[in-house]
Amino acid sequence: MKPIEATNFIEQIINDDIESGKISAVQTRFPPEPNGYLHIGHIKSMLVNFGTAKKYDGKCNLFFDDTNPSKEKTEFVDAIRKDIEWVGYHWAKEVYASDFFPVIYEYAEKLIMDGKAFVCDLSPEEISATRGTLTEAGKESPYRNRSVEENLQLFREMKEGKYPDGSKCLRAKIDMASPNMNMRDPVIYRILRCTHHRTGDAWCIYPMYDYAHPICDYLQGVTHSLCTLEFEDHRPLYDWVGIQLGFAPKPRQIEFARLAVTNTVMSKRYLKKLVEEGHMHGWDDPRMPTVTGLRNRGVPPEALLDFCTKIGIVKANSECQLAYLEACIRDNLNENAERAMAVLDPLKVTITNYTGEELLESAIHPLKPELGTRKVAFSSEVYIDRADFALVPPPKYQRLKPDGYVRLKGAYIIHCDEVITDENGNVTELKCSYVPESRSSNDTSGIKVKGTIQWVDGKTGVDVEIRKYAPLLKDAEYAGQDFTERMNLDSEKIFFGKAEPYLAESEENKAFQLMRIGYYKKCTENGKLVLSEIVSLKDNFNK
Ligand code: ATP
Ligand code: MG
């Protein structure tokens, strides 16, 4: 294995480890806890773990960190697997912390025998009350100096179920005066009667994350344990466990910045609240930053990886603009999405001098002529968007107005001859005439029009429900403002419009650029055509 051209600090470290002969192959792991759905932050973690291993021709395991039985479920395990596959990564092995429970237990006995761990009878409250503060040392537990024999016997009895939950725990014997709070005799095993999603009721004691994780990494042959910055303060404990247990070679923990994105929220706790309080349709609501939500929204996984790659892997936390994520999605779709037409708010236009029907041809993708054309029906009745007509137009108005011209995209120039209104003065229909020599493919009319608008044929157009989305959170008004005060309760808007039949006939979940509207995903719900927004057309990212 050879060093590669490093693009970030993690690759530099790995290169050094290769050059010094410390490692001969790269092994990483992607370590979700199966207590919820993955979100876009996890895609960054996937890029770091799977992506780095791939670059070195190494391996990455899918490691389920399931040491917290009260919150973990098989349902989440299955969802996580599906999400990773959708993103496009393949794991070498699927491993669970619970696979290692027996070994993790044996290692705890070894720590006890080496005088490095003790059974403590303090309650969780007492332990936290005696931990000290950042400026003050903690107080040693009165049980700290129990003999090895007594500790071993008590620990075995804990395992056998002799003591109630929370009445005892196993603690590492490190240093109550350490400036690092995580090193102040941390709890490494607790008593908890809770059915585990895989081991059932086989255990009534469970190891703590900080103790179990280095062991699981070592047993998987992990060379580089890549995690987010909040674990930096836990690294001394990670290393302590490896040193006490004589791990060689010892996995190396490296921390990187978490992904945070403006106008959205990623903490599982808050996302759960949104779902449970009914603000979202579910975990896969297209507005959710969950992987299942992004998939349901129609976002291409390549765009998400592109985004995570472009923001880079660094060591300082910062917040990314949602607009930048949207720009990456838009770039992808501009390249890949077919074009089609729909109108959000249909206004009927009768073309009084047109008889018959014809099929016009429109490019499937203007940048990819090799994809050919689609047929677009045209007749004496079309729908335009109400927003593209102004009864009293502002100066320089380029769309349709009384006695004005506009071009119907890919079809003809029309002239507005008459405006029909109801008794309240609302426009209900336009009577127009078309210019026969102005067909887009062969315009000899000599009429110059500034505006081109989308339209849908009245005879063949289909009813469509169009869903538009706004970000989940409004901008913060002041620093530290709570999410609950920033929620955009009006983040989904529904329109009942018209669409060309091509959209109804296309395959499910396909992405389209709806001319002058945005990028939308096509789907069918209860036999009805639905177009739901992936990303708007407007680029409001300030590059
Ligand atoms: P959350 O705090 O959102 O609930 P978590 O950290 O509890 O997430 P885990 O399932 O433990 O979620 O995370 C699996 C891996 O993904 C961990 O290595 C974690 O550091 C990483 N990860 C989680 N959130 C992010 C994020 N926003 N950016 C980058 N990596 C993340
Ligand atoms: Mg976690």
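This one's a predicted model, so the numbers in the text were calculated from it and none came from an experiment. If you read the sequence from its start, that first residue is 1, and numbering goes on from there. In listed order, ligands and their atoms are each counted from 1.
For atom 29 (C) of ligand 1, the nearest non-hydrogen atom from the set G41, A257, A260 comes from G41. Remark: among candidates M266, R269, R29, R258, the nearest residue to atom 8 (O) of ligand 1 is R258, based on non-hydrogen atoms. Distances from atom 13 (O) of ligand 1 to the heavy atoms of E33, E255, H42 put H42 nearest.
Numbered from 1 in the order shown, with element, the atoms of ligand 1 that lie under 4.0 Å from a heavy atom of P32 read 10 (O), 14 (C). Per-residue contacts place T228 under 4.0 angstrom from the following atoms of ligand 1 (heavy atoms of the residue considered): 19 (C), 20 (O), 29 (C), 30 (N), 31 (C).
The side-chain contact (heavy atoms from CB on, under 4.5 Å) check on A303 picks up P300, I329, N332, with sequence neighbours excluded.
Residues D482 and T484 bring a donor and an acceptor atom of their side chains to less than 3.5 Å of each other.
Ring to ring, Y96 and F63 are not that close: their centroids are 6.0 angstrom or more apart.
Residues D114 and K116 are not paired through a salt bridge, judged by the lack of any N-O separation under 4.0 Å between the basic side chain and the carboxylate. Under 4.0 Å is where a charged nitrogen must lie from a carboxylate oxygen, and between K93 and D99 no such pair does.
Within the structure, ring pair (Phe, Tyr, Trp, His ring centres under 6.0 Å) pairs that include any residue of residues 261-280 comprise Y270-F483 (at least two apart or interchain).
No N or O atom of L226 sits closer than 3.5 Å to an N or O atom of ligand 1. Among the atoms of H39, some N or O lies under 3.5 angstrom from an N or O of ligand 1.
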